[in-house]
Asker: 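Can you read through this structure? Questions will come right after.
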2 protein chains.
Amino acid sequence: MNATEILQHHEVKKTAPRVAIIQALQKGRSPLSESELKDDLGDFYDRTTFYRSMQTLAEAGVIHRIVVDNVLVKYVLNDCEHGHHHQPDHVHFYCQQCKSLICMDELKTPFYQLPSGFKQQTCEVIIRGLCVKCNQ
Amino acid sequence: MNATEILQHHEVKKTAPRVAIIQALQKGRSPLSESELKDDLGDFYDRTTFYRSMQTLAEAGVIHRIVVDNVLVKYVLNDCEHGHHHQPDHVHFYCQQCKSLICMDELKTPFYQLPSGFKQQTCEVIIRGLCVKCNQ
DNA sequence: CATATATTTGCAACAATGTATCAATTGATT
DNA sequence: AATCAATTGATACATTGTTGCAAATATATG
């Protein structure tokens, strides 16, 4: 699925910045930060547009925004091929050493029975540690 | 346990800013953000000292730092009375409406069997939704 | 209690992230 | 091709966090 098809599929207007962002995320194929994306996009698009694009794309379910620490936000494309899981149900692994973020697609977020009165909308799990490469 | 005892217990030097921060957190008795703490502390201590104090206190296990979204970090005192759980093992609930953070002490973080080679150090769970007050 | 020393503080400057406003541009529809 | 709403890009600003360094302070020692 290319950028144009993804945008159509989510009923989001096709614009140059959005296409560029999606292509950059596709190239990366792992969650990327703003600075990492900027390197790939060149200094063409300004930060305001970037943030607005990311917000639009996240609301439409095109991308998925993961906060690791603050001052470290990563974005990843949602997998449109296998149905859209806008509310991601998998666990994220963050390597404390190489700062990479890995989607643990096999590990699902748990179900919790909340005290009565609470209403759950999303659940996020981040495991920190050392990835395969750094754990040697 | 008062601020002085807490600092002694964790072998951290007793200084005015640290005592003030601990007392403010004790008064609040729920995770507070920097701006919330600043309101309580008065504009007496500067931000650099605040950040350094929080880092020292977190490393010593006195407090617990929780990142909700980025640009929204909350701090809470660890419960020294009932043993020190420096690596908190409970789930956090964040109310999307009133922006309050609630420690779900009864709900424990899950155990995951990671793929071989990965080494887990911490696990963090944040549930987002509506708290009892806002869910009406 | 006074003193020495290592830690901590407070200030200034800086860097990164994110938001608000608004005119100019662009995309989709007719 | 023309229209109109949505989006962009520029400027300015707010918040969060870091670095370097001199002054102040906390603890240990005599």
Side-chain angles (χ1 to χ4, degrees), chain A residues 2-24 31-60 62-63 65-75 94 96 99 101, chain B residues 2-24 31-60 62-63 65-75 94 96 99 101:
Chain A
N2 63 31
T4 304
E5 290 167 340
I6 290 174
L7 290 171
Q8 276 179 349
H9 185 252
H10 289 89
E11 298 179 352
V12 176
K13 271 192 183 175
K14 178 186 173 183
T15 68
R18 290 171 188 172
V19 169
I21 287 166
I22 289 173
Q23 288 174 342
L32 299 173
S33 64
E34 185 203 343
S35 58
E36 289 167 328
L37 284 167
K38 197 193 293 184
D39 289 345
D40 198 71
L41 294 170
D43 305 283
F44 202 82
Y45 300 110
D46 75 343
R47 297 170 22 74
T48 310
T49 302
F50 177 84
Y51 281 106
R52 274 188 296 220
S53 299
M54 296 324 251
Q55 192 175 337
T56 303
L57 294 176
E59 281 169 0
V62 178
I63 63 165
R65 182 177 181 274
I66 309 148
V67 178
V68 180
D69 277 316
N70 55 333
V71 185
L72 181 54
V73 180
K74 299 259 189 174
Y75 305 91
Y94 175 66
Q96 311 250 33
K99 290 359 180 182
L101 192 71
Chain B
N2 63 30
T4 304
E5 289 166 339
I6 290 174
L7 289 171
Q8 276 180 348
H9 185 251
H10 289 88
E11 298 178 353
V12 176
K13 274 191 181 176
K14 178 185 172 184
T15 69
R18 291 171 188 173
V19 169
I21 287 166
I22 290 173
Q23 287 173 343
L32 298 172
S33 64
E34 185 204 343
S35 58
E36 289 167 328
L37 283 167
K38 198 194 292 185
D39 290 344
D40 198 71
L41 294 170
D43 306 282
F44 202 82
Y45 299 109
D46 77 340
R47 298 169 23 73
T48 310
T49 301
F50 177 83
Y51 281 106
R52 276 189 293 221
S53 299
M54 295 324 251
Q55 192 175 338
T56 303
L57 294 177
E59 281 168 1
V62 178
I63 62 165
R65 183 176 181 273
I66 310 148
V67 178
V68 181
D69 277 317
N70 56 333
V71 186
L72 181 53
V73 180
K74 299 260 188 175
Y75 305 91
Y94 175 65
Q96 311 251 34
K99 289 5 179 178
L101 191 71

Asker: C/dA16 P sits how many Å from A/K38 NZ, rounded?
Answerer: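 Those two atoms, NZ and P, are 8 Å apart.
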Asker: Can you list everything that forms a side-chain contact (heavy atoms from CB on, under 4.5 Å) with A/E5? Sequence neighbours excluded, please.
Answerer: A/M1, A/N2
Asker: Whether B/T48 contacts C/dG10 is assessed here as follows: a side-chain N or O lying under 4.0 Å from the phosphate OP1 or OP2. Is that the case?
Answerer: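 For C/dG10, OP1/OP2 do not have a side-chain N/O of B/T48 under 4.0 Å.
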Asker: To the nearest Å, how far apart are A/R65 CZ and C/dT17 P?
Answerer: 12 Å
Asker: How many Å lie between CG on A/L41 and P on D/dG9, as a whole number?
Answerer: 11 Å
Asker: Could you tell me which residues satisfy side-chain contact (heavy atoms from CB on, under 4.5 Å) with A/D40, sequence neighbours excluded, listed by chain and number?
Answerer: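 Listed in chain order: A/A24, A/K27.
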Asker: Just verifying a value: how many Å separate A/R65 CZ and A/M54 CE, rounded to the nearest 0.5 Å?
Answerer: 9.5 Å
Asker: Over how many whole Å does the gap from A/D46 atom CG to D/dA12 atom P extend?
Answerer: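 For the pair A/D46 CG and D/dA12 P, the rounded distance is 14 Å.
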Asker: First locate atom CD1 of A/I6, then atom CD1 of A/I22, and finally report the distance between them rounded to the nearest 0.5 Å.
Answerer: 5.0 Å
Asker: Are the side chain of B/R18 and the backbone of B/L7 linked by a donor-acceptor contact shorter than 3.5 Å?
Answerer: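 Checking the backbone N and O of B/L7 against the side chain of B/R18, no donor-acceptor pair under 3.5 Å is found.
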Asker: Mind checking A/R47 for me? I need base, sugar-phosphate or nothing, with any heavy atom below 4.0 Å counting as a touch.
Answerer: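 It contacts base atoms.
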Asker: Could you tell me how far apart A/Y51 (OH) and D/dG9 (P) are, to the nearest whole angstrom?
Answerer: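 In whole Å, D/dG9 P and A/Y51 OH are 16 Å from each other.
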Asker: Taking atom types as modelled, find out whether A/E36 and A/S33 have a side-chain donor-acceptor pair closer than 3.5 angstrom.
Answerer: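 Yes - a donor-acceptor pair under 3.5 Å links their side chains.
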Asker: Identify each atom pair where a protein N or O and an N or O of nucleotides 21-27 of chain D are less than 3.5 Å apart, giving names and distance.
Answerer:
residue, atom, partner, partner atom, Å
D/dT27, OP1, B/K14, N, 2.9

Asker: Can you tell me the distance, in whole Å, between the CD1 atom of B/I66 and the C1' atom of D/dT16?
Answerer: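 Computing the B/I66:CD1 to D/dT16:C1' distance gives 17 Å.
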Asker: In whole angstrom, give the distance that lies between atom CD of A/Q55 and atom P of D/dT7.
Answerer: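 Value for this atom pair: 11 Å.
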Asker: Can you check the B/R18 CZ to C/dG10 P distance for me, whole Å?
Answerer: 11 Å
